[in-house]
Q: 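To start, I am sharing the structure in question, which I have written as structure tokens.
Being a predicted model, the structure only gives us computed values, none of them experimental. All values below were derived from every heavy atom in this structure, side-chain atoms included, with hydrogens, water molecules and symmetry-related copies excluded. To find a chain, count down the sequence lines: A is the first, B the second, and so on, and within it residues start at 1.
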There are 2 protein chains.
Amino acid sequence: MTPAAGRALEAAGKLFYERGIHAVGVDLIAAEAGVTKKTLYDRFGSKEQLVVEYLADRDERWRAFLTRWLEELEARDAEPDAAARILAVFDASRAWTAEHSTKGCSMVNAHAEISDPSHPAHPIITGQKRWMLDLFTRLAGEVDQGRAEELGRSLMLLHEGALVAHGLQIFDDPVAEAGRRARELLHVHGR
Amino acid sequence: MTPAAGRALEAAGKLFYERGIHAVGVDLIAAEAGVTKKTLYDRFGSKEQLVVEYLADRDERWRAFLTRWLEELEARDAEPDAAARILAVFDASRAWTAEHSTKGCSMVNAHAEISDPSHPAHPIITGQKRWMLDLFTRLAGEVDQGRAEELGRSLMLLHEGALVAHGLQIFDDPVAEAGRRARELLHVHGR
DNA sequence: CACCCACTATACCGATCTGTATAGTCTACG
DNA sequence: CGTAGACTATACAGATCGGTATAGTGGGTG
């Protein structure tokens, strides 16, 4: 990734997320990044590809962030129980949204603007959600093997709801609220 | 509302919801509705106003649908308890999404495309969410007065999460799943 | 019959959209 | 020193954007 390409992707990400994908033109992205359209098209080929790389980048960053967060938990607490790891997911999400996200989930927002299921960005969006559901389900299985899927879905609903509520700013700190609710859920089901 | 205006609003609603607001031009709306752009601008004045009326219409329909659903519960069961009324909200949402909505919540999706908080559509979006939160909180208060707000928020998170999950089609019938989870929540808190 | 109003049809405005072309500058490397 | 590649600057093509103007049609009402 050349320096200009990096600046372009960064500017595109910021603008796409804050204003929406269709509302942002490539001229604005180029201007904001201090890059010419020529360079932009030499590196990315099309706006659609730029959108794809924006979402792929955001997806990768979130997964890395969450993975690292969970690894750090493992480093602090030698043998954290499953409930602690589930709650750590909500903690990570809270830290992430506080820093990177004031308009909700970029995947959900992008999905609102992409109608065609054959759009190359589509598998990235659904892929991240499936990954999160799998993660929740796997962790839930360590709490109550028999109800792993059910519990995983519940955690997924709370988490997605919290991201939406955070974006719409309906009430304060919904991700923390979702975390507390997850804790209750685990107390009921676990042990 | 003249006949042509009605057709235009209907076509605009369908297109805005399915393809996104910025992705749909007024020429397409006019063509789809069998209406000229002249008529469209005579009736609505601007695309922005058309967007506002689309959201206001959708908001009003949903509130009327839910209100009627709860009234019918009251008619069947003379004195339904609060838990039954809360679960009826999820039932209504399930019926609504099955019929009107395959891409998630139109308010959330519109919010993804509207960055400016001073946009006239903004209060409609936040208004509906606030209305839902108030409704959940009020009903929750009849279950456990002391934890009305906390319980109301939890129900809100589950409900919003279910709408997102429905739109992304992550797993089957997430609204029903959210309803079952709400039932559990009420059993823990209630009585 | 005359009038009004919602409507259609069509052509156009300026602005902006994605995408491309040409020409030239800077820097790192062999 | 010379070359290659990443870059800037600028201009433009073709399409579409939101929005407007003009002219004419059809049905209902006084």
Side-chain angles (χ1 to χ4, degrees), chain A residues 1-57 109-110 112-116 118-122 124, chain B residues 1-57 109-110 112-116 118-122 124:
Chain A
M1 172 103 47
T2 61
R7 294 204 309 276
L9 188 57
E10 187 185 359
K14 186 171 153 68
L15 290 167
F16 283 155
Y17 181 68
E18 287 175 0
R19 307 192 195 180
I21 291 170
H22 284 119
V24 171
V26 291
D27 291 272
L28 178 60
I29 295 170
E32 203 76 10
V35 160
T36 58
K37 282 171 61 179
K38 169 78 166 124
T39 303
L40 215 159
Y41 276 92
D42 283 347
R43 297 288 144 258
F44 297 97
S46 68
K47 182 187 177 181
E48 185 175 84
Q49 186 57 31
L50 193 54
V51 171
V52 168
E53 300 208 19
Y54 148 60
L55 290 172
D57 181 59
N109 289 352
E113 296 203 66
I114 296 174
S115 49
D116 186 5
S118 69
H119 191 289
H122 208 265
I124 298 174
Chain B
M1 171 102 50
T2 60
R7 293 201 312 273
L9 188 56
E10 187 185 358
K14 186 172 155 66
L15 289 168
F16 284 155
Y17 181 67
E18 288 176 359
R19 307 192 194 179
I21 291 170
H22 284 118
V24 172
V26 290
D27 291 273
L28 177 61
I29 295 170
E32 203 76 10
V35 161
T36 58
K37 283 171 62 179
K38 168 75 166 133
T39 301
L40 214 160
Y41 275 92
D42 283 348
R43 297 289 144 257
F44 297 97
S46 68
K47 183 187 179 182
E48 185 175 85
Q49 186 56 32
L50 193 55
V51 171
V52 168
E53 299 209 19
Y54 147 62
L55 290 173
D57 181 60
N109 289 352
E113 296 202 66
I114 296 173
S115 49
D116 186 5
S118 70
H119 191 289
H122 209 266
I124 298 175

Q: Assign each of B/Val24 and A/Ala4 to its nearest nucleotide of DNA chain D by heavy atoms, then name whichever residue's nucleotide is nearer the 5' end.
A: A/Ala4

Q: To the nearest 0.5 Å, how far apart are CG in A/Asp42 and NZ in A/Lys37?
A: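 So the gap between those two atoms works out to 12.5 Å.
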
Q: Does B/Tyr41 place a side-chain N or O at less than 4.0 Å from the phosphate oxygens OP1/OP2 of D/dG19?
A: yes

Q: Report the C-alpha distance between B/Met1 and B/Leu9 in whole Å, list the side-chain angles of each, state the deciding distance to 0.1 Å, and finish with yes or no for side-chain contact (heavy atoms from CB on, under 4.5 Å).
A: CA-CA 10 Å; B/Met1 171 102 50; B/Leu9 188 56; 4.1 Å; yes

Q: Between A/Thr39 and D/dC7, does any side-chain N or O lie under 4.0 Å from OP1 or OP2?
A: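 No, A/Thr39 has no side-chain N/O under 4.0 Å of OP1/OP2 on D/dC7.
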
Q: Measure the distance from CG on B/Asp42 to P on D/dT22 and round it to the nearest whole Å.
A: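 Roughly 13 Å, once rounded to whole Å.
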
Q: Counting side-chain heavy atoms from C-beta on, which of D/dA21, D/dG19, D/dT8 comes nearest to A/Lys38?
A: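 From the listed options, D/dT8 comes nearest.
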
Q: Rounded to the nearest angstrom, tell me the gap between atom CZ in B/Phe44 and atom C1' in C/dA6.
A: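 My rounded result for the distance is 13 Å.
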
Q: Is any side-chain nitrogen or oxygen of B/Arg7 closer than 4.0 Å to OP1 or OP2 of C/dT8?
A: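 Checking C/dT8 against B/Arg7, a side-chain N or O does come within under 4.0 Å of OP1 or OP2.
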
Q: For A/Ile21 and C/dT18, give me the distance from atom CD1 to atom C1', rounded to whole Å.
A: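 For the pair A/Ile21 CD1 and C/dT18 C1', the rounded distance is 15 Å.
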
Q: Can you measure from CD (A/Glu113) to CD (B/Glu113) and round to the nearest 0.5 angstrom?
A: 4.0 Å

Q: Just the rounded figure in Å: distance from C1' of D/dC17 to NZ of B/Lys37.
A: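 In whole Å, D/dC17 C1' lies 8 Å from B/Lys37 NZ.
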
Q: Take atom NE2 of A/His22 and atom C1' of D/dG18, then tell me their distance rounded to the nearest Å.
A: 17 Å

Q: Return the nearest nucleotide to the side chain of A/Lys47; candidates are C/dG19, D/dC7, D/dG18.
A: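 Shortest atom-to-atom distance from the side chain points to C/dG19.
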
Q: Roughly how many Å is it from CE in A/Met1 to C1' in D/dA6, rounded to a whole number?
A: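 These atoms are roughly 14 Å apart.
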
Q: Measure CD1/A/Ile29 against P/C/dG19 and give the value in whole Å, please.
A: 11 Å

Q: Any idea which of C/dT18, D/dG19, D/dC7 is nearest the A/Val26 side chain?
A: C/dT18

Q: Using the side-chain heavy atoms of B/Val35, tell me which of these nucleotides is nearest: C/dT8, D/dG18, C/dA6.
A: C/dT8

Q: Is there a side-chain contact between B/Ser46 and the phosphate of D/dG19, meaning an N or O under 4.0 Å from OP1 or OP2?
A: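 No.
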
Q: For A/Val52 and A/Ala121, which heavy atoms make the closest approach, and how far apart are they?
A: CG2-N, 3.9 Å

Q: Over how many whole Å does the gap from B/Gln49 atom CD to D/dG19 atom P extend?
A: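 Nearest whole value for this atom pair: 11 Å.
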
Q: Taking 4.0 angstrom as the limit, do A/Lys14 and A/Glu10 come out as a salt bridge?
A: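 Answer for the salt bridge query: no.
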
Q: Taking only the side-chain heavy atoms of B/Arg43 (C-beta and beyond), determine which of C/dT18, C/dA6, D/dT8 contains the nearest atom.
A: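 So the side chain of B/Arg43 is nearest to C/dA6.
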
Q: Which part of the nucleic acid, if any, lies within reach of B/Thr36 when heavy atoms closer than 4.0 Å are counted: base, sugar-phosphate only, or nothing?
A: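 Base: the residue B/Thr36, judged by heavy atoms under 4.0 Å, touches a nucleobase.
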
Q: Kindly point out which of C/dG19, C/dC7, D/dC17 is positioned nearest to the side chain of B/Asp27?
A: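 So the nucleotide nearest the side chain must be D/dC17.
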
